[in-house]
Amino acid sequence: MLTEQQARDAVIIALDMGEQEALELCERLSGKAVWVKVGMTLYYACGPSIVDKMRAMGYKVFLDLKLHDIPFQIEGAAEAASLVGADILSIHGLGGAAMIAGARAGVERAASSERRGGSRTQLIAISVLTSMDQEALESIGVASSVADEVSRLATLAVGAGSDGLVCSPQEAASMRALLGEDAIIVTPGIRPAGADLGDQRRVSTPAAAIAAGASKLVVGRPITKAADPVQAFEDIVAELMA
Ligand code: C5P
């Protein structure tokens, strides 16, 4: 059970839509929701100004750019994304320890800038994309099971400087046990009881995901496609406080 502030802070609204629609939704949820997720589609279409606009409305931003490149490039990219205003930034665990350490160095450098004033962007790692199954892993030369690969990459990522990881609600409990209390565990695939599953299959209710050990929930369509998005958000907050 969370306090009201903890509950509001635990929900990240995925803005998988065009700029105008995203800004209108943010306007309606302003002062109620705390976090939004800006993914690659919105970011590449609008550029850094979209993050400025969200921040100007008072939102914290999870910039879901899933960085994956050589360490030198990632260090610069993570620094730049941090200076753009990302509060959380995603990176691929598959880039390896040196790449993750590069990302960490980049966000550390940005934190010491005047613009960020000591506040460091948190890094969360993607392990195995949920669009990949055992067969897809084998096709890229990975022989271990999906579960083993997720555990290996999670341990590697956090050991190399990531603050946490993204995983399905079903993995939240085992990842919490593996990574300890301090790790940020972010879970998409959230569906309030009775909500349309859409293309998600391995889903969990908001309260169950938090009970399993998630720190934050990424919620898209159950809020963004609801007849009343503000009410849908408030219902999730109420569920987390119950
Ligand atoms: O609309 P919905 O609640 O399914 O949106 C979930 C969000 O989380 C989307 O932005 C989706 O891309 C993202 N996501 C996901 N599953 C993952 C990783 C990210 O659904 N494994």
Side-chain angles (χ1 to χ4, degrees), residues 10-19 21-22 25-26 29 33 35-46 50-51 54 59-68 86-94 122-134 136-137 146-147 149-151 153-154 157 162 164-175 184-210 212-233 235-237 239-240:
V11 180
I12 304 177
I13 301 170
L15 300 174
D16 299 321
M17 59 194 70
E19 180 174 11
E21 200 185 335
L25 185 64
C26 285
L29 286 157
W35 285 91
V36 290
K37 178 172 94 82
V38 174
M40 283 188 246
T41 305
L42 190 57
Y43 189 76
Y44 289 147
C46 306
I50 189 73
V51 179
M54 302 297 162
Y59 287 98
K60 293 185 184 171
V61 178
F62 167 19
L63 196 52
D64 189 18
L65 298 184
K66 297 186 171 65
L67 304 184
H68 192 178
D87 295 284
I88 295 179
L89 175 67
S90 57
I91 54 176
H92 268 289
L94 269 175
Q122 308 285 296
L123 295 171
I124 54 173
I126 314 297
S127 54
V128 177
L129 290 171
T130 45
S131 53
M132 297 186 80
D133 57 12
Q134 197 65 46
L137 270 192
V146 173
E149 188 66 6
V150 168
S151 296
L153 287 170
S162 180
L165 88 159
V166 184
C167 66
S168 86
Q170 273 81 2
E171 290 151 6
S174 59
M175 289 299 114
I184 303 175
I185 295 180
V186 177
T187 59
I190 300 299
R191 291 292 179 269
D196 185 2
L197 295 191
D199 51 11
Q200 297 281 15
R201 289 295 169 264
R202 298 170 62 227
V203 301
S204 169
T205 63
I210 292 289
S215 326
K216 296 203 183 297
L217 316 173
V218 172
V219 187
R221 290 160 291 177
I223 293 174
T224 62
K225 299 287 184 204
D228 183 345
V230 175
Q231 190 57 49
F233 172 79
D235 287 347
I236 292 175
V237 170
E239 178 181 329
L240 296 179

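Just follow the structure's listing: the first ligand is 1, and inside any ligand the first atom is 1.
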Quiz item: Is any side-chain heavy atom of Val128 closer than 4.5 Å to a side-chain heavy atom of Leu137?
Solution: yes

Quiz item: What residues sit with at least one heavy atom under 4.0 Å from ligand 1?
Solution: Ala14, Asp16, Lys37, Thr130, Pro188, Arg191, Gln200, Val218, Val219, Gly220, Arg221, Pro222

Exercise. I would like to know whether Arg191 and Arg221 meet side chain to side chain contact (heavy atoms under 4.5 Å, CB included); could you show each step before the answer?
Key: CA-CA 9 Å; Arg191 291 292 179 269; Arg221 290 160 291 177; 3.3 Å; yes

Quiz item: Ser127: what forms a side chain to side chain donor-acceptor pair (under 3.5 Å) with it, not counting sequence neighbours?
Solution: none

Quiz item: Between Ser90 and Leu65, is there a donor-acceptor pair closer than 3.5 Å when you use the side chain of the first and the backbone of the second?
Solution: yes

Quiz item: Mind checking what makes side chain to side chain donor-acceptor pair (under 3.5 Å) contact with Glu19, not counting sequence neighbours?
Solution: Lys53

Quiz item: Taking only residues two or more places apart in sequence, or in another chain, which ones meet Gln231 in a side chain to side chain donor-acceptor pair (under 3.5 Å)?
Solution: Asp235

